[in-house]
Amino acid sequence: MHLDTNMGEQLPLFSCKAHIFQVDPDTRKSWVPLSSSAVNVQIFHDSVKNVYRILSVDGSKVLINTIVTARMSFTKTSQKFCQWVDSRANHVYGLGFANENDLTRFMDKFIEVKDATRQALKHNEHRSSSVDARQTPRSEGDWSIHSGGLDPLVQTQLKQENAHLKIALAQSSNNAKKWQEELEILRNNNAKLTTALQESHANVEEWKRQLQFYRDECTRLRQMVSNHHSSNDGQINEAQELKSLLDGADQRNQEQEQKILQLENQIQRYITQINTLEDRLSSNEDDNQRLRSEISTIQRRTPQGSYTSGHGTLSRSPNRNAEQLIRLRDLFETKTNDFNQTLATKSQDLQRLCSQITQTITEF
């Protein structure tokens with residue numbers, strides 16, 4: 001496609017971003033994307049030839065170079081998609097916009113440029129008629145792929161499938177937001193559990209220091225009793241009673257030590273389970289990211305309009321996309337419910353552990 005060099009010296013009358021599509025010129029039954037992402041689409045006034053052009057350039061590649069004519073029609077097929085026929089180049093172009101506001105602005109500018117072209121033709125009617133006599137372009141009716149020429153049953157089916165697809169996409173978007181909120185709640189709960197375990201571990205260390213202090217104190221008392229017994233035979237009974245008390249205290253200390261060891265083992269098990277929960281949380285986040293990527297891929301692959309042929313060769317694609325979205329949604333909801341149940345169970349176990357730790361402290 002050739003682009004006039006003098007166009008680069010002019011400022012565009014209008015500029016926007018859109019995804020560009022073109023009907024396959026061989027089959028005239030399907031859309032072919034010309035751009036992998038949204039590119040600039042601009043309207044220029046060619047002062048040399050006194051015509052208006054719709055231009056789109058991606059790097060060094062010219063995607064659209066359409067001269068606006070007074071007979072050119074602009075068809076809006078959906079809220080975000082429009083198409084027109086370039087009779088001179090024998091192509092049908094389509095634009096997919098990010099929102100309806102951008103499409104409305106482009107249509108308004110297109111109508112304004114078309115009216116200006118019609119006014120210019122009135123002043124140069126003889127010249128325009130001679131140019132039209134030498135051209136034999138294809139009629140726009142041959143290229144139009146809007147649903148006016150489809151069988152009524154096919155048209156009804158397309159509308160129903162588009163409606164189902166829109167509903168499925170909206171539900172998936174809402175579920176993604178809900179799952180994101182649930183993941184945030186799970187992160188907060190996980191952080192709280194981790195903090196509680198760290199505090200319990202710190203308390204165990206403090207109990208160990210206290211137990212060591214009591215052991216040292218018992219050893220010192222035994223030495224005092226032994227010294228007192230050797231130095232004063234008259235106080236044997238008192239020493240025996242004191243020794244009995246020390247033995248009982250030593251036995252209680254050993255029982256407390258066993259309880260502390262048991263609590264340490266329980267804490268280690270809960271730390272391992274928390275790590276497992278964190279891995280599962282990360283896996284759920286990956287699943288959520290993969291779900292969003294697949295939703296985004298389906299949205300990019302499915303233009304917001306009736307891109308199907310008259311034979312309905314692409315009519316089954318929306319159903320497959322909707323079923324895939326529903327399947328992914330059910331899968332993630334199942335994983336989320338399983339993780340919530342596991343987290344609730346571990347929270348109850350942690351509460352029981354904290355109660356046991358508190359009771360042990362009180363008894364100690």
Passes side chain to side chain contact (heavy atoms under 4.5 Å, CB included), Thr27 versus Ser30? Steps please. CA-CA 7 Å; Thr27 62; Ser30 60; 4.2 Å; yes
Tell me whether Ile64 shares a hydrophobic cluster with Ile67, the cluster being built from Ile, Leu, Val, Met, Phe, Trp, Tyr side chains joined at under 4.5 Å. no
When every non-hydrogen atom of Thr77 is compared with those of Gln83, the smallest separation belongs to CG2-OE1, 3.7 Å
Check: Glu199 main-chain N/O paired with Asn203 side-chain donor or acceptor under 3.5 Å: yes
Applying the 4.5 Å side-chain criterion to the ILVMFWY set and letting contacts propagate, would Leu211 and Leu261 be lumped into a single cluster? no
Yes or no on side chain to side chain donor-acceptor pair (under 3.5 Å) for Asp216 and Gln212, after CA distance, side-chain angles and deciding distance? CA-CA 6 Å; Asp216 296 339; Gln212 185 63 37; 3.3 Å; yes
Less than 4.0 Å between a side-chain N and a carboxylate O, is that true for Lys76 and Glu100? yes
Spell out, as yes or no, whether a donor-acceptor pair under 3.5 Å connects the side chain of Asn188 to the backbone of Glu184. yes
Would you check if Leu63 and Ser35 make a side-chain contact, meaning some heavy-atom pair closer than 4.5 Å? yes
Same apolar cluster: Tyr93 and Phe14, side chain cutoff 4.5 Å: yes
Aromatic ring proximity, centroids under 6.0 angstrom, Phe81 and Trp31: yes
Would you call Glu217-Arg220 a salt bridge at under 4.0 Å N-O? yes
Looking at CG of Asn265 and CZ of Arg269, how far apart are the two atoms once the value is rounded to the nearest 0.5 Å? 6.5 Å
Any idea which heavy atoms bring Cys16 and Phe97 closest together, and the distance? SG-CE2, 3.7 Å
If you round to the nearest 0.5 Å, how far is CG of Leu55 from CZ of Phe44? 6.0 Å
Considering only heavy atoms from C-beta outward, does the side chain of Lys114 approach that of Ile111 to under 4.5 Å? no
Do Thr69 and Arg88 pass the side chain to side chain contact (heavy atoms under 4.5 Å, CB included) test, and can you show the C-alpha distance, the side-chain angles, and the key distance before you say yes or no? CA-CA 10 Å; Thr69 64; Arg88 298 176 184 270; 3.7 Å; yes
Nearest 0.5 Å please: distance from the CZ atom of Arg222 over to the CG atom of Asp247. 6.0 Å
Short question: side chain of Asp250, backbone of Leu246 - any donor-acceptor pair under 3.5 Å? no
Locate the shortest heavy-atom distance separating Arg53 from Asn65; write the atom from each residue and the value. NH1-OD1, 3.1 Å
Within a 6.0 Å radius of atom CD on Gln251, are there more than 12 heavy atoms belonging to other residues, nucleotides or ligands? no
Note, Ile54 side chain near Val41 side chain (heavy atom, < 4.5 Å): yes
Looking only at heavy atoms, which two atoms of Leu34 and Gln22 are closest? And how far apart? CD1-OE1, 3.5 Å
Let me confirm one number: the CD-CG distance from Gln268 to Leu197, rounded to the nearest 0.5 Å. 10.0 Å
For the residue pair Glu112 and Asp108, establish whether any side-chain heavy-atom pair is separated by less than 4.5 Å. no
Shortest non-hydrogen separation from Thr117 to Ala70 and the atoms involved: CG2-N, 4.0 Å
Cluster check Val32, Ile20: I/L/V/M/F/W/Y, side chain < 4.5 angstrom: no
Tell me every residue that passes side-chain contact (heavy atoms from CB on, under 4.5 Å) with Glu205, counting only those two or more places apart in sequence or in another chain. His201, Lys208, Arg209
Taking the six-membered ring where the residue is Trp, are the ring centres of Phe74 and Phe106 under 6.0 Å apart? yes
Kindly work out whether a path of hydrophobic side-chain contacts (I/L/V/M/F/W/Y, heavy atoms less than 4.5 Å apart) joins Leu95 to Leu13. yes
Note: Lys61-Asp58 ion pair, threshold 4.0 Å (strictly below): no
Identify, with sequence neighbours excluded, every residue that meets side-chain contact (heavy atoms from CB on, under 4.5 Å) alongside Asp279. none
Distance, nearest 0.5 Å, that separates CD of Gln223 from SG of Cys218: 11.5 Å
Does the side chain of Val51 reach to within under 4.5 Å of the side chain of His45, using non-hydrogen atoms? no
Do Cys82 and Thr75 come close enough that some side-chain heavy atom pair is under 4.5 Å? no
Could you tell me whether Glu181 and Lys178 have a side-chain N and a carboxylate O separated by less than 4.0 Å? no
For Ser87 and Asn90, which heavy atoms make the closest approach, and how far apart are they? O-OD1, 3.1 Å
pair Val204-Trp207: side-chain heavy atoms closer than 4.5 Å: yes
Determine, stepwise, if the pair Arg118 / Asp115 fulfils salt bridge (charged side-chain N to carboxylate O under 4.0 Å, His left out). CA-CA 5 Å; Arg118 186 181 293 109; Asp115 293 339; 2.9 Å; yes
Lys/Arg N to Asp/Glu carboxylate O, Asp102 vs Arg105, below 4.0 Å: yes
Does the side chain of Met72 reach to within under 4.5 Å of the side chain of Thr66, using non-hydrogen atoms? yes
Residues that Thr345 engages under side-chain contact (heavy atoms from CB on, under 4.5 Å), provided they are two or more places apart: Asp349
To the closest 0.5 Å, what do you measure between CD (Gln254) and NZ (Lys259)? 13.5 Å
